[in-house]
Asks: 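One structure is given below, represented as structure tokens, and several questions about it will come after.
Every chain is numbered from 1 and lettered A, B, ... according to where its sequence line falls, protein lines coming before strand lines.
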Amino acid sequence: MRQLRAWCLRFVALFHKERRDRELAEELECHLQMHIEDNLRSGMNPAEARRQALIKLGGVEQAKENYRDLSGIPWFETTLQDVRYGLRMLRRNPGFTAVAVLTLVLGIGANTAIFSVVNAVLLRPLPFPDPGRLMMISHTPPQKTFPGVARFVVSPANYLDWRDQNHVFDQIAAIGFRSLTLTGMGQPESVTGAAVSADFFSVLRVWPSAGRGFVADDDQPGRGNVVVVS
Amino acid sequence: MSEKPDVWQGTLSVMVLKTLQTMGPLHGYGIARRIEQTSGDLLSVNYGTLYPSLLKLEQEGYIASEWGVSDNNRKAKYYKLTRAGRKQLERESREWEQTTAILARFLSPGEKS
């Protein structure tokens, strides 16, 4: 508590530096004069009285230095001085300043951009339990017919075959993204949706917090449309 | 004069507080003189030790200062003990008495265990 109080005062003192120095100088001067007067009273001649007092009291400048170290926050003051000096130098060399600022801007910008991508793609895992065991399966077409096409939409029939003949995965679900139009409530709205197979949620192991997800029956032909709204 | 030891840090603050308690409000020169006299002129108090110590005590709230006018009409800064200073003095005196008592036991001759 006392320490805190002392630091607060020292911080405040930073803003009254000149007054502080002036007051100390006055105080030391007063001290010296009193000492000289006492020496005179004890019978010394003026020169000797002054000399003795000065010898006795030690270096004034050193005392002021000690006092300053204690009254302010020296490292803070020197840092402030350095910052001010730096700013002055930057103002004096606008060309250098521009290059330096530009370099920093580009550096920081590029880093931020790269990190955002790395963070999203590599660092942040998928928001599902056991993301390491989730795979995206796609279809690579014959390169003779489709040169350069690495991924192809999987046909529903292929999906059904893969699902039924699968020995590798626990489960396989299908998803196809759709852009849908929501009408009936004033302004029509475009919403993003997906058509999925019934076991989609059980593959991802996520469950709705209210109502139910899809059940195996839902994707049988002639069952009508079932939708999960999130 | 130079063979007189300077007051070592830590004890000076107790001496200052005690001086202010017995003498009432006093300026820096008065405090220094009083400490030297009380020590039987064995100690020498100079600027470099006294004023930082006063400042520290003031920052910690144990003493307060105020400009005033001395007996011989000189403008001087007067220091006085605060309530917290009084308490601190009690505490420090107790600690010092204990420390010196313990040391005395070690150093006193003829002590048989």
Side-chain angles (χ1 to χ4, degrees), chain A residues 1-17 19-42 44 48-74 76, chain B residues 1-7 9 12-13 17 26-37 41 43-79 82-85 87-89 91-92:
Chain A
M1 205 47 218
R2 295 271 151 204
Q3 285 298 315
L4 187 68
R5 185 197 140 98
W7 279 104
C8 288
L9 285 173
R10 287 170 82 162
F11 185 75
V12 172
L14 291 179
F15 304 102
H16 309 290
K17 219 168 129 183
R19 205 186 72 194
R20 194 179 80 197
D21 284 354
R22 205 179 53 234
E23 283 198 2
L24 177 67
E26 265 180 67
E27 203 177 356
L28 294 182
E29 178 60 25
C30 156
H31 191 128
L32 180 68
Q33 292 305 331
M34 285 180 173
H35 202 121
I36 293 173
E37 279 164 21
D38 268 8
N39 283 352
L40 284 173
R41 228 169 285 144
S42 68
M44 292 184 198
E48 184 63 9
R50 185 173 174 79
R51 206 178 77 87
Q52 286 299 337
L54 284 172
I55 291 174
K56 167 79 201 316
L57 292 174
V60 175
E61 283 314 311
Q62 195 201 340
K64 283 184 184 168
E65 203 53 48
N66 282 351
Y67 192 87
R68 248 176 244 139
D69 282 355
L70 207 64
S71 64
I73 310 173
F76 187 78
Chain B
M1 247 184 200
S2 55
E3 70 270 19
K4 276 188 207 168
D6 280 349
V7 185
Q9 286 293 329
L12 183 59
S13 61
L17 292 177
L26 208 57
H27 43 70
Y29 177 66
I31 296 172
R33 259 295 145 96
R34 169 77 189 179
I35 289 176
E36 286 167 356
Q37 278 169 8
D41 269 335
L43 293 173
S44 159
V45 180
N46 62 24
Y47 289 149
T49 43
L50 178 65
Y51 286 96
S53 181
L54 284 174
L55 178 67
K56 192 155 179 290
L57 285 170
E58 189 175 4
Q59 283 171 344
E60 288 168 342
Y62 297 138
I63 60 176
S65 72
E66 191 171 45
W67 286 96
V69 178
S70 74
D71 305 335
N72 40 9
N73 252 350
R74 192 178 289 287
K75 195 175 157 219
K77 204 174 189 181
Y78 279 81
Y79 295 89
T82 62
R83 229 165 41 156
K87 269 194 212 145
Q88 174 71 2
L89 177 60
R91 197 161 40 230
E92 286 206 42

Asks: Need one label for Glu37(A): side chain, backbone, both or neither, based on atoms under 4.5 Å from any heavy atom in chain B.
Replies: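 Contact with chain B: side chain only.
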Asks: For Glu36(B), is it the side chain, the backbone, both, or neither that has a heavy atom closer than 4.5 Å to a heavy atom of chain A?
Replies: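 The answer is the side chain of Glu36(B).
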Asks: Find out whether Asp21(A) and Tyr67(A) are in side-chain contact, i.e. whether some heavy atom of one side chain is under 4.5 Å from a heavy atom of the other.
Replies: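 They are not in contact (no side-chain heavy atoms under 4.5 Å apart), so the answer is no.
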Asks: Look up atom CZ in Arg5(A) and atom OH in Tyr62(B), then write down how far apart they are to the nearest 0.5 Å.
Replies: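 These two atoms lie 9.5 Å from each other.
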Asks: Hey, which of Leu9(A), Leu28(A), Leu32(A) has the most heavy atom pairs under 4.5 Å with chain B?
Replies: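 Result: the option with the highest number of such pairs is Leu28(A).
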Asks: Answer with side chain, backbone, both or neither: which region of Leu4(A) has an atom nearer than 4.5 Å to a non-hydrogen atom of chain B?
Replies: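 For Leu4(A), neither part sits under 4.5 Å from chain B.
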Asks: If I compare all heavy atoms of Ile36(A) with all of Ala49(A), which pair ends up nearest, and what's the gap?
Replies: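 Minimum heavy-atom contact is O-CB, 3.9 Å.
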Asks: Any side-chain donor-acceptor pair under 3.5 Å between Arg34(B) and Gln37(B)?
Replies: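 Side chains of Arg34(B) and Gln37(B): no pair found under 3.5 Å.
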